[in-house]
Amino acid sequence: MDFREEAAAIAPELIALRRRLHRIPEIGLDLPKTQAAVLAALAGLPLEITLGRTSTAVTAVLRGGRPGPAVLLRGDMDALPVTEETAVDYVSEHVGTMHACGHDLHTAGLVGAAKLLSAHQAELSGDVVFMFQPGEEGFDGAGHMIAEGVLEAAGRKVDAAYGLHVISDMVPRGVFTTRPGPMMAASSGLFVNVVGKGGHGSRPHTALDPIPVAAEIVTALQNLITRRFSVFEPIVITVGTFHAGTRHNIIPDNARFEATVRTFSEEALAQVEKESVQLAEDIATAHGLSAEVRFDREYPATVNDADEAAFVEATVKDLFGGERYTEMPNPVMGSEDFSRVLQAVPGSYMFYGATIKDDPNEAASNHSPRAAFDDGVLADGAALLAELAVRRMARG
């Protein structure tokens with residue numbers, strides 16, 4: 001099997017599919033147009049297809065000609081609530097929605113892997129599960145698919161799982177990167193509503209102003225990180241929204257903000273959960289107000305199996321050459337619900353450079369309205385996924 005050559009032959013149709021998906025981005029768990037495009041692209045392949053019950057997920061199983069392990073390959077399909085500001089001629093037709101994270105490439109690349117492996121069905125020693133997942137961007141699509149049995153879609157639990165994520169900056173075009181152990185952070189949400197008593201802005205002493213109290217909590221959260229945790233324990237708290245008031249001369253009844261919390265260890269997560277809630281409540285109480293605080297654990301940390309990460313490295317170097325691989329020196333604080341898959345089975349997540357710039361540091365990042373991806377990388381991405389599946393099945 002020469003997957004590089006075979007992938008190059010189908011590259012034009014993969015690029016066409018990616019651009020079709022880019023025009024019709026959809027958000028969350030309900031992606032009817034995207035699902036229809038995926039099903040059309042998979043039509044005619046020898047796949048057992050199951051549709052999601054609580055989402056528009058697509059699970060496709062390829063039965064190999066000989067018995068062997070089951071391997072899962074995943075591609076997420078959803079977009080972001082971002083208004084596109086690129087100049088591509090296949091720009092989003094859905095104003096306010098954009099494939100700013102490259103999931104259109106992930107979907108097209110997974111279709112490519114399905115086509116490559118289907119052409120060699122009789123030679124495969126095992127089964128492949130293709131996980132076309134909606135709702136990665138904050139909707140826990142992986143959790144929905146796991147609950148509906150994607151890990152057992154082949155009739156028994158998959159033996160290994162692999163996912164590939166394109167990056168519009170940071171990583172040189174065509175370069176693959178991963179690392180053993182923690183790769184991406186756990187994500188949690190901190191939601192604070194400071195409850196005071198409204199009044200006239202000219203007479204603050206007759207009211208209980210929630211705005212300065214909420215602002216004090218925001219500042220204190222940063223001190224919490226630097227004074228209550230070791231500098232060697234990576235933790236991030238970023239306040240992303242802050243809402244209060246209706247006019248400049250009115251003291252509102254309440255002020256609320258939302259923050260994202262990123263951690264790697266369970267110990268740090270438990271501590272920051274307990275202490276951030278207590279800090280917010282205590283500061284409000286100290287000023288004679290109250291705080292309604294909620295801490296939601298969202299996604300766990302994405303942790304690669306060390307042996308599987310080494311297997312990915314060896315496969316990339318053998319298939320493409322050593323210059324196409326670099327090991328990530330450190331984890332990143334972004335999060336990913338493929339972490340739920342890696343909690344259940346050994347596997348590895350990978351990043352793949354798809355920048356349009358010669359210097360990736362000059363490119364707009366994922367999630368930017370100007371994020372742009374070179375879909376010329378699609379063929380090699382599909383080839384790697386197919387190669388990983390074949391080699392992992394051959395290991396038994």
Side-chain angles (χ1 to χ4, degrees), residues 27-28 80-83 96 100-101 136-140 184-198 201 204 207-231 233-248 250-302 331-337 339 364-369 371:
I27 295 173
L80 286 159
V82 172
T83 299
C101 203
E136 187 276 329
E137 297 287 359
F139 295 86
D140 198 12
M184 301 181 74
S187 173
S188 302
L190 177 66
F191 304 87
V192 178
N193 181 40
V194 178
V195 181
K197 184 177 72 172
L208 292 173
D209 192 345
I211 293 179
V213 176
E216 183 177 334
I217 296 171
V218 170
T219 301
L221 286 170
Q222 304 309 314
N223 291 334
L224 173 71
I225 299 306
T226 62
R227 291 298 177 265
R228 296 290 295 160
F229 294 88
S230 167
V231 296
E233 180 70 64
I235 299 173
V236 169
I237 296 183
T238 296
V239 174
T241 71
F242 192 111
H243 302 282
T246 56
R247 290 192 59 171
H248 68 283
I250 300 174
I251 294 173
D253 279 332
N254 67 301
R256 64 188 189 278
F257 66 84
E258 300 177 2
T260 186
V261 182
R262 305 299 170 106
T263 56
F264 283 99
S265 72
E266 174 58 33
E267 294 76 17
L269 176 55
Q271 184 181 350
V272 75
E273 178 177 12
K274 176 183 176 181
E275 297 196 13
S276 64
V277 172
Q278 182 178 343
L279 179 144
E281 291 175 343
D282 288 353
I283 289 178
T285 299
H287 289 279
L289 289 76
S290 64
E292 301 165 349
V293 188
R294 190 177 87 249
F295 191 101
D296 291 347
R297 296 191 180 201
E298 297 164 346
Y299 297 157
T302 302
V332 297
M333 298 306 285
S335 63
E336 166 59 66
D337 70 355
S339 56
S365 64
N366 286 36
H367 288 217
S368 165

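Side chains are part of it too, since the values below use all heavy atoms of this structure and drop only hydrogens, waters and symmetry mates.
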At what distance, to the nearest 0.5 angstrom, does [atom1] of [X] lie from [atom2] of [Y]?
{"X": "L221", "Y": "T238", "atom1": "CG", "atom2": "OG1", "value": "10.5 Å"}
{"X": "I237", "Y": "L190", "atom1": "CD1", "atom2": "CG", "value": "6.5 Å"}
{"X": "K274", "Y": "L279", "atom1": "NZ", "atom2": "CG", "value": "13.5 Å"}
{"X": "L269", "Y": "E233", "atom1": "CG", "atom2": "CD", "value": "10.0 Å"}
{"X": "I217", "Y": "I283", "atom1": "CD1", "atom2": "CD1", "value": "5.5 Å"}
{"X": "I235", "Y": "T226", "atom1": "CD1", "atom2": "OG1", "value": "10.5 Å"}

Partner set under side chain to side chain contact (heavy atoms under 4.5 Å, CB included) for [X], not counting sequence neighbours:
{"X": "I27", "result": "P81, T97, F139"}
{"X": "A214", "result": "V194, F242, A255, F257"}
{"X": "A215", "result": "none"}

Check salt bridge (charged side-chain N to carboxylate O under 4.0 Å, His left out) between [X] and all other residues, then give those that pass, not counting sequence neighbours.
{"X": "E336", "answer": "R74"}
{"X": "E292", "answer": "none"}
{"X": "D209", "answer": "none"}

Listed by chain and number, what are the side-chain hydrogen bond (donor to acceptor under 3.5 Å, both in side chains) partners of [X], not counting sequence neighbours?
{"X": "E298", "answer": "S187"}
{"X": "N366", "answer": "S168"}
{"X": "H367", "answer": "E137"}
{"X": "T83", "answer": "none"}

Non-hydrogen side-chain atoms of I225 and V236 separated by less than 4.5 Å:
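The answer is no; the side chains never approach within 4.5 Å.
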Pairs in or reaching into residues 251-263: which pass salt bridge (charged side-chain N to carboxylate O under 4.0 Å, His left out), with residues at least two apart or in two chains?
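As it turns out, there is no salt bridge (charged side-chain N to carboxylate O under 4.0 Å, His left out) pair with a partner in residues 251-263 once direct neighbours are skipped.
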Pairwise salt bridge (charged side-chain N to carboxylate O under 4.0 Å, His left out) hits with a residue in residues 214-228, at least two apart:
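Found R228-E275.
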With side-chain contact (heavy atoms from CB on, under 4.5 Å) as the test, would you mind laying out the steps for L208 and V195 before giving the verdict?
CA-CA 9 Å; L208 292 173; V195 181; over 6 Å; no
Locate the shortest heavy-atom distance separating [X] from [Y]; write the atom from each residue and the value.
{"X": "P210", "Y": "G196", "value": "CB-N, 4.3 Å"}
{"X": "A270", "Y": "R297", "value": "CA-NH2, 3.8 Å"}
{"X": "Y299", "Y": "S335", "value": "CD1-OG, 4.0 Å"}
{"X": "V277", "Y": "E273", "value": "CG2-O, 3.2 Å"}
{"X": "P204", "Y": "I251", "value": "CA-CD1, 3.6 Å"}
{"X": "S368", "Y": "A100", "value": "O-CB, 3.6 Å"}

